[in-house]
> 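The structure that follows is given in the form of structure tokens.
A quick note: this is a predicted structure, and the numbers were derived from the prediction, not measured.
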Amino acid sequence: MYWYNPTTRTSERVEAPSTEEQAIRMLAATKDSADFIAKYLELRRSGSPIEQALVLVGHEFRLREPEYQLILR
């Protein structure tokens, strides 16, 4: 899958996780991980597949970064 990884703040192509645990591990290990994981779980509860939820989390957090906020104004 191609996504914006909010933990490393880079776009990357990676193998899509096949389990919930793998997906959560991809979002862990930063001070903002609790926010990333909470959003991911919210999307999963609403019916999004694992890969789609990760892509959407990355997209949302990328748009929150300061350089993108300036562009969106």
Side-chain angles (χ1 to χ4, degrees):
M1 74 177 185
Y2 186 75
W3 76 313
Y4 178 78
N5 183 335
T7 64
T8 61
R9 296 183 174 184
T10 59
S11 295
E12 62 186 12
R13 187 169 304 282
V14 296
E15 186 173 330
S18 57
T19 67
E20 204 78 70
E21 293 79 22
Q22 290 172 338
I24 289 171
R25 260 188 263 125
M26 291 174 74
L27 296 170
T30 71
K31 65 179 181 71
D32 298 318
S33 290
D35 292 337
F36 304 151
I37 293 168
K39 183 62 180 175
Y40 168 80
L41 293 173
E42 177 185 323
L43 289 163
R44 291 288 289 143
R45 279 192 295 274
S46 72
S48 294
I50 292 171
E51 183 175 347
Q52 182 182 21
L54 282 173
V55 170
L56 291 172
V57 166
H59 180 69
E60 178 174 332
F61 283 91
R62 183 177 192 175
L63 291 176
R64 290 183 186 183
E65 290 187 8
E67 62 267 20
Y68 289 97
Q69 288 297 311
L70 291 173
I71 293 169
L72 294 173
R73 286 185 184 185

> Can you tell me how far CG of Leu27 sits from NZ of Lys39, rounded to the nearest 0.5 angstrom?
12.5 Å

> Does the pair Arg45 and Glu42 meet the rule for a salt bridge (Lys or Arg N to Asp or Glu O under 4.0 Å), with working shown?
CA-CA 5 Å; Arg45 279 192 295 274; Glu42 177 185 323; 5.7 Å; no

> Kindly compute the distance separating CD (Glu15) from CE (Met1), expressed to the nearest 0.5 Å.
10.0 Å

> Provide the closest heavy-atom pair for Pro17 versus Leu54 in the form atom of the first, atom of the second, distance.
CG-CD1, 3.4 Å

> Might you point out which heavy atoms bring Arg62 and Tyr4 nearest each other, and give the distance in Å?
CB-CD2, 3.4 Å

> If a pair satisfies ring-ring contact (aromatic ring centres under 6.0 Å, His included) and one of its residues is in residues 34-62, list it, with sequence neighbours excluded.
Phe36-Phe61

> Whether Glu21 and Arg25 form a salt bridge (side-chain N of Lys/Arg under 4.0 Å from carboxylate O of Asp/Glu) is what I want to check.
no

> Hey, what do you get for CD1 (Ile24) to OG1 (Thr19), rounding to the nearest 0.5 Å?
8.5 Å

> Could I get the full list of side chain to side chain donor-acceptor pair (under 3.5 Å) partners for Thr7, not counting sequence neighbours?
Asn5

> Atom CG of Leu41 and atom OG of Ser48: how far apart are they, to the nearest 0.5 Å?
11.5 Å

> Looking only at heavy atoms, which two atoms of Pro6 and Gly58 are closest? And how far apart?
CD-CA, 4.1 Å

> With Thr10, which residues qualify under side-chain contact (heavy atoms from CB on, under 4.5 Å), at least two apart?
Thr8, Glu12

> Over all heavy atoms of both residues, which pair between Gln22 and Ser18 is shortest? Give the atoms and the distance, please.
OE1-N, 2.7 Å

> Can you tell me how far apart CZ (Arg44) and CD1 (Ile50) are? Round to the nearest 0.5 Å.
4.5 Å

> Is there a path from Leu63 to Leu56 through hydrophobic residues (I, L, V, M, F, W, Y) whose side chains come within less than 4.5 Å of each other?
no

